[in-house]
Every structure is written in C-alpha cells, then in structure tokens.
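Remarks on the structure that follows.
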Amino acid sequence: MSVTSLAEKFVEHAASMTAPSRVVWCDGSKAEYDSLIEQMLADGTLLALNEHTHPSSYLHRSHPSDVARTEQLTFICSRGRDDAGPTNNWMAPAEAKAKAGALFRRAMRGRTMWAIPYLMGPAGSSMSRAGVMVTDSAYVVASMHIMTRVGQVAFQHMRAEDDFIGGVHSLGDLSPERRLILHFPEEKLIWSVGSGYGGNALLGKKCHALRIASWQARQEGWLAEHMLILGLEDPDGRVTYFAAAMPSASGKTNLAMVVSQLPGWRAWTVGDDIAWMHVDAQGQLRAINPERGFFGVAPNTSPNTNPNAMATVRANTIFTNVALTPSREPWWEGMTKEPPRGLLDWQGRPWDPASGPAAHPNSRFTVLAEQCPSIAPNWEDPQGVPISGLIFGSRRTQVIPLVFEAFDWQHGVFLGSAMSTETTAAITGKVGVVRRDPMAMIPFCGYNMADYFQQWLAMGPRLTRPPKIFRVNWFRRDADGTFLWPGYRDNVRILKWMVERIRGTGRAEERPIGYVPTVDALDLGGLDIGRERLREALRSDAADWLPALDDLEGFYGGFGNRLPVEIYGTLADTRRRFGG
Ligand code: GTP
Ligand code: SPV
Ligand code: MN
C-alpha cells in the first residue's frame, strides 16, 4: 500500500504523542481481519459463538461504564463558540488539545497503534470521503473493517494530499472521568480518548460522517444526515427512494429493512443510519450511504419485527453486550417470547432477572450490509439513489400523529426543526425524557443549528422537484399505554400512502399541521385496527399543539436572531391556523 506523506506525518505525530511500541498500517484484507479476530480470541476481548448456528461470529463484552454514547463528554472545538451554537458542547481548541493531550500522552506505551485509512461511501463516488484514524483497540479496527472501506481505496479517493479527516483514538483507561470526544472541524481532526464504544470510538461513523461532514457539507452545499435510505418497489417494479431521519434507537434499522405486508410491494435497503445527500446537475437530490455495514440495536430484533436483520446476523457478526445461552448463542430481550434457561447476562454473570435485562438495552450487532437479504442491488451506486421523499420521525407517546405531510419544502424544514423525542438507551442518562431533537441531529450537527436550518431551507430552491417531506411517529400510545399503531412491517402501509402522495393520487385532508391521510386513504388490507383507533393515531388538536408550539418557541429563542426568519414565520403560521 502506498501511503501519502501527509497521512504518514499525521500518524507519526499521533505516535510521538501516544508512544506505542509499534505502528501497523491496515490494508483492509481478510487476512488482516482474521488475525485481529485470532488475537482478540486469545486475549479474551472476544468470545467465539456457536460455530454451527453462528459461524465466524463473536461476542464482545465492553466495560460496564462504556456501553453508549456519552454526549456530555462530546465537544465541538471550533475556533468561535457561536459556530458550535447553543445545542453543542463547545471547548476552545487550545484548551481541548491541552486536556486531551494529557490523556493521550504515552497512552499507547507497550501497545500496538493501528493506522487505518478508510473511505466513507462507495468506491468511485465523487460524494465519498476519506479518513485516516489511529487506534490502540483491535475491536475498533475489526469494527472499522466492517463499517467502512479500509485500505488503498481511501488513498485513491483523496483529491489532494490533505484530503482526509484525521482521527486519533485511544482506549485510555475507559474511565468516564478521563473520556473526551473532540471535533476540530477547521483542522479536519477528531480526538477521542477513554471509550471503546461504537459512536465514541469508530471515528468514521458519527464523528466523521455526521459532525465533521455536516460542517463540510454546509460549506460545500450538501447535507450529511442521520438518515436511513430505502427504496420501495411497487407491484409494477417502480422503485421510490426515501431518506428518513429518526433519533438513535428509534426505528431506522427496522424501517430500512422492513418486510412488506402488502402483496407486490417490497422494500430495498440502501443504508440504515447515515445519508450524504447532494443536488445533481439536473436538480435532483441524490443520496449515498457512507457506511459499509450496520451497527444495529439488538433488543427487540426478532423474526417477527425484523426478519431481514435476523438473517443478516446469522454469520460473520460481532455482537456487543448481548446475553449468551448455554449453547453459546447470542440472545436479547424480544428475540424470543421466553428467555432460554441458563443465560449469562451481558457482563458474563449468571442472569438474575431481578438485576435487569440479560442483554444491555443498547447491545448491538456489527455486520456487513451485503449480508442483508433486502440490500438494494444498487446500494453502492457511485451516483447514489434519487430521493423522492424525506421523512422525519421521532418517539413521542403523545401529541404527534402517526403520519402527515408538509405543505411545501419550507414547512417540511420547519417540521424537522420542531422535532422532539423521548430519550433511549443509545445514550447514557435517563431513558424516556422528552428532549428537542431537530432532524434527529441534536447530537450530531457539527455547527450552529440555526445555520443548519438555513442550510436545509437553501436546498429547496436548488431542487427541480423537491422531495415531499413527511412527519411520522410510530410510538403514540393510548390511555392504557398501548401503541396505537402496530408499527414494524405495517409501516409499509404508511410508505405506500407516501408513494401515492408523491405521485399525486393519495388522499389527505388539510389540517393546521399539514396534510393528514383520511382514514380510508391508508391501505389497511389484512390489518385488524379499528377506525376509532386510527382516528386517534392521526388526531391533532389545538389543545395539544398550542402549548407545544409555545415550548418550541422557547427552544428557538436560544438561537437568538441567528434563527432563519422563515422558521419563526412558519411557527406563527401554524399557530394562526390553530386559531391561537
Ligand atoms: P440507532 O442505530 O441507534 O441509530 O437506532 P435506529 O434508529 O436504527 O433504531 P432501530 O431500528 O434499531 O430501533 C430501535 C428500537 O425501536 C427497536 O428495538 C424497537 O424497540 C423500536 N422500534 C423500531 N420500529 C418500531 C415500530 O415501528 N414500532 C414500535 N413500537 N417500536 C419500534
Ligand atoms: C446512534 O446512537 O445513533 C447509533 C449508534 O447509531 S452509535 O454508533 O453509537 O452512534
Ligand atoms: Mn444512529
């Protein structure tokens, strides 16, 4: 492999700081992956699973205090504080370097440093971007092999010597007290120390492909989004592509792999977590999936909810923090009705149901996308796929209807900016607390979100046929706490209505919040759901919405006059339509 001299310099500099006993450049080969696995089996980082039921699959148990993203330890270190904005933690670059520098100093002594050149996006795509990260974690290297394209292909994509994002990662001592995840967008640099967990440590994913990429996208006129990408094929074989933003652990992987209940309709998976979207020369929005694999939530994945994910993880999969059966098979809550006897919990102790779930609620699988039965034949098309519909979804027990459509692009951007959601186990902290999460990007937007809304607004006029924008909520509940909508595979019914709206045939009523499907507009064939229940799922009234709009105004106020006037204007219009 030929390494460019700037990449070499970057790695040498990281090595002089962390003092590893040796530096190994990764080539991304299968032999390299196999030897990493062998090494981790030998030192106990991985346990081999049942070779008959789960060939070439492994269990990794992480440190119990290192099981999810830690947002309070994640910082945007732009030169100007205002450029990070009120929704990000900010630290001055010099202070950040001093703090993390002390943690990195000689952190790799006696250990191997791997240097990983990686590409985010399909080979041969002008939308793909390269990175070079170093790490002292074999688990991170093996995961990067699955989640990104590692090796020479990264250098082939650099348009200049310095055309890469640099990343420095060390496990440190895994203590949250000595953990920092730092982004220096002006230097195209990421520093992460003290965590081995996915979003904190696989620097190509949230750090590069969202926080740094969103900063670059703003400057270059594109969008880096926390979105799945899927194609929905109709009975005539026509495929309509959607990109959908939903907060962490709120349904992207499930929707991306959905198995249709409707005869003749089928979904094709393009990506399950991140979308990079550009306007092409014809004014069409096109999206690529920058990733190569899935880092998916295990709990509640079952042959019922997500058969495609179950089939995907049958082999060549690394499981993290799931439970283990006596026959060395992985298990998690929701996989089967009854837990098998004799389970070891995610920390390797005999499972005691009184001490909590057997699998960690944020336990995950890491697996190549190409193993997914529903993977789209064109998922690695360098041109990306043409997007006709954009979806913003969140997890709300109340207020937000099952589905509705924005009046136009500007209104759709407003709906995205107005999202809030209930927190999940994907981040440390309390679960189920409602928080603001515009476009599902609150943890991932690498710059001032007021500017981000402006970026979204500015995309509309550049598009010849702007995608229709929809808002969904699979998580609304009745007074007894039961989900009003069955969700999962029945979500295809909602996608079908969206396709009909895009084609101009779907029926809807105009409401203050947008176009809401009439009860008979949804294809409910074979589904046992009462009209009253569906009406409740679609309900939107002033009594719920006016207070919610007041709360939203308070959130917007945090951006001061940096917030685009269009956003305030659309808020005022909505209030007026409700008679408020
Ligand atoms: P990240 O990988 O963290 O970004 O998560 P994700 O958005 O891909 O979420 P995922 O699809 O893995 O879903 C997480 C959890 O949401 C699942 O375990 C389910 O509990 C729940 N979920 C997903 N889809 C539905 C749905 O349609 N209805 C209901 N009720 N729950 C759902
Ligand atoms: C998320 O939390 O949104 C994830 C998992 O997709 S992580 O890679 O940890 O960010
Ligand atoms: Mn995610």
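Keep in mind that this is a model prediction, so the values were computed, not measured. Counting starts at 1 for both ligands and their atoms, in listed order.
- Note: an N/O pair closer than 3.5 Å links Pro299 and ligand 1 by distance alone.
- Between Lys206 and ligand 1, not a single N/O pair is under 3.5 Å apart.
- Scanning the protein heavy atoms around atom 8 (O) of ligand 2, the nearest turns out to be Lys205 CE, 3.1 Å.
- Ring-centre distance between Tyr118 and His208: below the 6.0 Å cut-off.
- Residue Thr253 has at least one N or O atom closer than 3.5 Å to an N or O atom of ligand 1.
- Residue Gly251 places at least one N or O, backbone or side chain, under 3.5 Å from an N or O of ligand 1.
- Under the 6.0 Å distance and 45° angle rule, Arg211 does not count as a cation-pi partner of Trp215.
- Of all the listed residues (Lys206, Glu291, Met147), Lys206 holds the heavy atom that lies closest to atom 10 (O) of ligand 2.
- The atoms of ligand 1 that sit less than 4.0 Å from any heavy atom of Arg364 are 1 (P), 2 (O), 3 (O).
- Between Ser248 and ligand 1, a contact under 3.5 Å exists for no N or O pair.
- Side-chain contact annotation: Ser374 with Thr269, donor-acceptor N/O pair under 3.5 Å present.
- No more than 12 heavy atoms of other residues, nucleotides or ligands lie within 6.0 Å of CD in Gln398, so this atom counts as exposed by the packing criterion.
- Considering backbone and side-chain N/O atoms, Leu255 never comes within less than 3.5 Å of an N/O atom of ligand 1.
- By the 6.0 Å and 45° rule, Arg501 stacks over the aromatic ring of Tyr515.
- Cation-pi geometry between Arg477 and Phe483 is met: under 6.0 angstrom from the ring centre, within 45 degrees of the axis.
- Under a 4.0 Å criterion applied to the non-hydrogen atoms of Tyr197, ligand 2 contributes the atoms 5 (C), 7 (S), 9 (O).
- The cationic group of Arg364 lies under 6.0 Å from the six-membered ring centre of Phe295 and within 45° of the ring axis, placing it in a cation-pi geometry.
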